[in-house]
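Here's the structure we're looking at; comments come further down.
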Amino acid sequence: MSLELKPQFDLTAFNALGLRSVAEFYIAITESDQIPQLIRCAAEQNLPVLWLGGGSNLVLGKSVPGIVAQLKLPGVELLETTTDSALLRVGAGEVWHYFVRWTLEQGYHGLENLALIPGSVGASPVQNIGAYGVEVCELIECVDAYDSLSQQWLSFAAEDCQFGYRDSLFKRNPGRFVITRVTFRLNREYHPKLSYAPLAQRFDHQTEIDALEVFEAVCQIRTSKLPDPSTLGNAGSFFKNPVVNQAQFEALHSQYPDIPNYPADSGRKLAAGWLIEQVGLRGYTDGRVGVHRLQALVLVNYGGASRCDLEALAERVKAQVLQKFGVQLEQEPIAYP
Ligand code: EPU
């Protein structure tokens, strides 16, 4: 099988932030056999490889040295159905939102709260995508990947993926594991998850709740406050919601009684969007970049911005939040190179 590397490839349309970026080489991976072959070829030529999914959670530099390999492995296989569940093995290159919609049309439940998250199926375990009270790790059975270090095909059971809030083994070892397939165990019976306040309010007086209705409600909530990357460059939440210890939380809470907060493993989780809004930066614009006017957690590219423009804005946001609240924000999308 030949590897067709395209030189000087424009990645502007291949990253959701729409940052101007050019790859030294680009290749679309459509068969898993190409992966070890590409790793050997890159090693021979001493070129780094960036494995790209939908480009939804990346902050790219102006030029990307080496090879950008986009995973386009297709396919959805039904491995098993029981009275309770269905086991589905899905190619990394499938588009997340279309896959979610398809599962619901088949009567397989569990992913409805994760509607409209941009990106590919293969990227979903990397940052353990989560929204509206559900994290994808709750529905994952295993993740198949090629380990570029040991040069072996591996299958990780969910409990071995080190899933955490916006975190996983794959995120902690950037570039090492190339995810090729994700296997999901979905429920045949529907158990609504409506803990997120706007969903709870929407379905408050309803007794019969259909998963497709929840899917539609999630789509509505998202489109009402999150910009569509195809019209306004963005990578969703640009910062993680910070977790502070109990003492720090109590000090903040006594000063700001309205501060949104949620339980977390080691203290309380705060809403970064609220903190950014409180320092007056919601809707702030600095040249070609800005803080989204409806959701301050999202930084946007109005067109033609570079990573430097965005990073300068991110630094300003972090500095102001640190100064007012003593809370350090952590960037969520991965910077490369
Ligand atoms: N808030 C503000 N101002 C803002 C934004 C938010 O005051 O500009 C307040 C809201 O009023 C609310 C709280 O902050 O009280 C939380 O806001 P929201 O429900 O919009 O959720 P979030 O914590 O800002 C997280 C995820 C989103 C996910 C939503 C819904 C992270 C980093 N972000 O945002 O994920 O869709 O919850 O579950 O955890 C993403 O990762 O790209 C993403 C969009």
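All ligand and atom numbering here is 1-based and tracks the order in the structure. Below, each value reflects all heavy atoms present in this structure, side chains not excepted, and no hydrogens, waters or symmetry copies. Residue numbers count from 1 along this sequence.
- Between the side chains of D10 and T12, at least one donor N or O sits under 3.5 Å from an acceptor N or O.
- Counting protein heavy atoms only, atom 30 (C) of ligand 1 is closest to Y132 CE2, 3.5 Å.
- Close contacts of ligand 1 with P260, meaning ligand atoms under 4.0 Å from a residue heavy atom, involve 15 (O).
- Taking the six-membered ring for Trp and the full ring otherwise, F238 and H292 have centroids separated by 6.0 Å or more.
- Cation-pi geometry between R268 and F249 is met: under 6.0 angstrom from the ring centre, within 45 degrees of the axis.
- Side-chain rings of Y26 and F14 approach one another, their centers coming within less than 6.0 Å.
- Contact annotation: for Q295 versus ligand 1, heavy atoms closer than 4.0 Å belong to both the backbone and the side chain.
- Taking the six-membered ring where the residue is Trp, F170 and F156 present perpendicular rings, their angle passing 60° and hence far from 30°.
- In this structure, the protein non-hydrogen atom closest to atom 1 (N) of ligand 1 is W274 N, 3.7 Å.
- For K225, the heavy-atom gap to ligand 1 drops under 4.0 angstrom.
- The nearest heavy-atom contact from the protein to atom 23 (O) of ligand 1 is N241 ND2, 2.8 Å.
- Short contacts between ligand 1 and Y262, defined as distances under 4.0 Å to a heavy atom of the residue, involve ligand atoms 13 (C), 16 (C).
- Counting heavy atoms under 4.0 Å from ligand 1, residue Y196 touches it through the side chain alone.
- K318 forms no cation-pi arrangement with F239, by the criterion of a distance under 6.0 Å to the ring centre and an angle within 45° of the ring axis.
- Near F239, the atoms of ligand 1 lying under 4.0 angstrom from a non-hydrogen atom of the residue are 32 (C).
- Residue, atom and distance of the protein heavy atom nearest to atom 39 (O) of ligand 1 are Y165 OH, 2.6 Å.
- Proximity to E277 (heavy-atom distance under 4.0 Å) selects the following atoms of ligand 1: 2 (C), 3 (N), 4 (C), 7 (O), 8 (O).
- Nearest protein neighbour of atom 8 (O) of ligand 1, counting heavy atoms only, is A296 N, 2.8 Å.
- Summary of contacts: the protein heavy atom closest to atom 14 (O) of ligand 1 is A271 CB, 3.2 Å.
- For the ligand labelled ligand 1, residue R222 lies inside the 4.0 Å heavy-atom shell.
- With hydrogens left out, the protein atom closest to atom 34 (O) of ligand 1 is L297 CD2, 3.8 Å, a heavy atom.
- Per-residue contacts place R282 under 4.0 angstrom from the following atoms of ligand 1 (heavy atoms of the residue considered): 8 (O).
- For the residue pair Q331/E311, the side-chain donor-acceptor check at 3.5 Å is not satisfied.
- Atoms of ligand 1 lying under 4.0 Å from any heavy atom of G236, numbered from 1 in the order shown and given with element: 42 (O).
- For F238, the heavy-atom gap to ligand 1 stays at 4.0 angstrom or more.
- Closest protein heavy atom to atom 42 (O) of ligand 1: S237 N, 2.8 Å.
- Set against the non-hydrogen atoms of R166, the atoms of ligand 1 under 4.0 Å away are 26 (C), 27 (C), 31 (C), 33 (N), 35 (O), 39 (O), 40 (C), 41 (O), 43 (C).
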